[in-house]
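Atoms within each ligand, like the ligands themselves, are counted from 1 in listed order. Small disclaimer: the values here were computed from a predicted structure and weren't measured.
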Amino acid sequence: MKILILGYGVRGRAYGEYALAHADEFEIVGIADPLLETSVAPVFASYDDALAADTGAEAVVVALPDALHKDATLASLAKGLHVLLEKPVGCSWAECEEIRTARSASGCAVLTCYVLRYSNYYRALQEVLRSGVAGDITSIHHLVAIGHAKAAHAFCRGNWAREEDGTGTLVQKCSHDFDLIVWWTGSRRLKRMASYGALSHWRPENKPPRAAARCIDCPVRSTCPFDAVRLYRDETALRYHFPDDSDAAMDEVVANSRYGECVYLGKNDSVDHQTTLMEFDGGLTVTLEMEAYSKERRRMTHFYGTRAEIVADGEKIVVKPFAGEERVITPAQPAGAHGGGDRAVMAAFYNLVKRTSPARYAALLDSALESHALAFRAEESRKQRAVGSCQEPDATNVKEHFAGTIMPHRETNC
Ligand SMILES: NC(=O)c1ccc[n+]([C@@H]2O[C@H](COP(=O)([O-])OP(=O)(O)OC[C@H]3O[C@@H](n4cnc5c(N)ncnc54)[C@H](O)[C@@H]3O)[C@@H](O)[C@H]2O)c1
């Protein structure tokens with residue numbers, strides 16, 4: 001498949017490396033990124049230059065900043081190109097709908113990079129759930145612990161610090177998790193939802209009195225958990241975000257980029273924690289909790305069923321039947337980011353375009369949009385301080401799903 005990669009940052013590079021390693025399936029006919037100097041394929045300064053050029057591409061990978069997803073996808077579909085689209089599909093529900101309409105008119109495939117769904121771990125978990133071992137699942141508690149270092153990097157200092165530049169923390173981070181919830185809850189429809197969240201800590205009023213604007217100059221950095229010098233220069237966990245991860249490059253990042261700035265400058269407004277409560281038909285309740293301030297970076301899910309509990313911590317799956325022996329399943333985690341999901345989604349895209357009937361394309365995008373419907377609805381609830389209720393609890397498509405009413409939170413004196 002001849003592909004154009006639009007955006008060659010962290011995500012674009014991950015997909016590019018897969019394509020290069022699978023030359024029997026993929027040929028990269030161009031890469032668009034204004035920051036790219038050398039490349040394995042012809043380079044274009046922007047995605048529209050790449051789409052205008054005569055590259056012979058059959059498909060594109062859209063790994064651009066969130067705010068460009070809609071325009072780049074519409075332009076690609078208009079040229080008859082299949083699209084592997086990073087999430088979020090769009091920055092609003094209206095943008096998602098535009099993409100849905102354009103996909104339909106083009107007859108092309110749009111596959112969303114819900115990489116967790118493709119990972120070995122979550123596939124194994126889904127098999128356990130489908131086996132019925134837990135009986136009827138009555139509630140699901142799902143925690144997304146972003147990790148304090150990653151959260152400071154992405155949602156305070158980085159690309160998703162400001163809601164107006166993309167979608168805010170919940171849609172950005174948890175569209176994956178809403179996708180998993182849609183997968184786990186199957187045909188059950190959302191009935192009600194409420195979401196609460198705030199930016200509590202990374203605010204100017206919490207800046208230590210003597211703190212400097214840049215960590216490298218800061219006299220109190222040794223006591224600060226978000227010290228950029230330690231996070232980028234002395235530790236390695238965040239370095240994969242940069243094309244050059246050498247010590248010298250990290251010194252430059254800390255000295256001159258936004259990633260070296262104090263987290264308390266007030267340049268950010270994305271929330272640092274958010275809890276979403278959902279009720280599906282049949283009384284199934286789901287809680288999704290997203291936390292920036294965690295030591296570890298992990299997802300943890302607890303399923304309560306009428307015959308067993310299932311605890312999934314991202315490494316193991318522990319099945320605890322009320323009668324019978326506890327069972328621990330440790331699915332193999334293949335190499336590569338997201339437990340092998342990044343590679344698997346590229347393989348799925350190849351199969352989709354080369355081997356799958358186009359008749360499946362519409363349902364595939366609709367199902368991806370279910371998670372966006374939930375995530376945007378949760379954001380609506382948080383911002384309007386309201387509880388969302390679906391007018392059509394039995395609705396079978398995302399449009400009706402989204403067309404619920406919003407009721408104000410009941411005012412209570414505490
Ligand atoms: N599926 C996942 O798990 C996952 C994880 C992280 C990020 N994402 C999504 O992937 C997308 C990319 O994220 P990232 O972390 O790679 O960001 P990034 O900032 O590392 O990369 C984006 C790249 O796009 C380039 N770019 C900007 N404007 C451009 C233009 N007009 N034409 C061509 N290139 C342009 C930038 O120079 C940059 O290199 C985002 O939408 C993000 O939300 C998905």
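Ligand 1 has at least one atom lying under 4.0 Å from a heavy atom of His69.
Using a 4.0 Å cut-off to heavy atoms of Gln172, the atoms of ligand 1 that qualify are 43 (O). For ligand 1, the atoms lying closer than 4.0 Å to a non-hydrogen atom of Ala63 are 12 (C), 22 (C). Listed by atom number, the atoms of ligand 1 under 4.0 Å from Cys113 heavy atoms are 1 (N). Within ligand 1, the atoms closer than 4.0 Å to a non-hydrogen atom of Asn159 are 17 (O), 18 (P), 19 (O), numbered from 1 in the order shown. Atoms of ligand 1 lying under 4.0 Å from at least one heavy atom of Leu35, given by number and element, are 37 (O). Atoms of ligand 1 lying under 4.0 Å from at least one heavy atom of His176, given by number and element, are 1 (N), 2 (C), 3 (O).
Ligand 1 has an N or O atom lying under 3.5 Å from an N or O atom of Tyr47, backbone or side chain. Considering backbone and side-chain atoms together, Pro34 places no N or O closer than 3.5 Å to any N or O of ligand 1. At least one N or O atom of Asp66, backbone or side chain, sits closer than 3.5 Å to an N or O atom of ligand 1.
Side-chain rings of Tyr259 and His153 approach one another, their centers coming within less than 6.0 Å.
Of all protein heavy atoms, the one closest to atom 28 (N) of ligand 1 is Leu68 CD1, 3.6 Å. The protein heavy-atom contact nearest to atom 9 (C) of ligand 1 is Lys87 O, 3.4 Å. The protein non-hydrogen atom at the shortest distance from atom 24 (O) of ligand 1 is Pro65 CD, 3.4 Å. Of the protein's heavy atoms, Gly9 CA, 3.3 Å lies nearest to atom 21 (O) of ligand 1. Annotation: atom 44 (C) of ligand 1 to nearest protein heavy atom, Glu86 OE1, 3.0 Å. Closest to atom 11 (C) of ligand 1 among all protein heavy atoms lies Leu64 O, 3.4 Å. Considering only non-hydrogen protein atoms, atom 23 (C) of ligand 1 sits nearest to Asp33 OD2, 3.4 Å.
Between Asp177 and Arg299 there is a salt bridge, since a side-chain N of the basic residue sits under 4.0 Å from a carboxylate O of the acidic one. In summary, Asp227 and Arg233 do not engage in a salt bridge, as defined by a charged side-chain N under 4.0 Å from a carboxylate O. Contact check on Arg214 versus Asp217 returns no salt bridge, with no Lys/Arg side-chain nitrogen under 4.0 Å from an Asp/Glu carboxylate oxygen. Between Arg382 and Glu379, at least one side-chain nitrogen of the basic residue sits less than 4.0 Å from a carboxylate oxygen of the acidic one, meeting the salt-bridge criterion. Asp342 has a carboxylate O that lies under 4.0 Å from a charged side-chain N of Arg11, or vice versa, which qualifies the two as a salt bridge.
The aromatic rings of Phe226 and His201 sit tilted relative to each other, their planes meeting at an angle between 30° and 60°. Classified by interplanar angle (parallel below 30°, tilted 30° to 60°, perpendicular above 60°), the ring pair His141/His302 is tilted. The aromatic rings of Trp184 and Phe303 sit perpendicular, their planes meeting at an angle over 60°, well past the 30° parallel limit.
Contact annotation for Phe44 and ligand 1: no heavy atom of the residue comes within less than 4.0 Å of the ligand. At a 4.0 Å heavy-atom cut-off, ligand 1 does not touch His241 at all. Proximity of Arg11 to ligand 1, defined as any heavy-atom pair under 4.0 Å, is shared by backbone and side chain alike. Looking at Val115 against ligand 1, only its side chain comes within 4.0 Å, counting heavy atoms.
Side chains of Asp272 and Tyr293: a donor on one and an acceptor on the other come within 3.5 Å. Glu86 and Tyr15 are linked by a side-chain donor-acceptor pair at a separation below 3.5 angstrom, with hydrogens and angles left out of the test. Under 3.5 Å, the side chains of Gln274 and Ser195 contain a donor-acceptor pair of N or O atoms.
Remark: among candidates Leu6, Leu36, Val10, Asp48, the nearest residue to atom 20 (O) of ligand 1 is Val10, based on non-hydrogen atoms.
Summarising the geometry of Phe178 relative to Leu374, their closest heavy-atom pair is CD2-CB, 3.6 Å, with the distance given to 0.1 Å.
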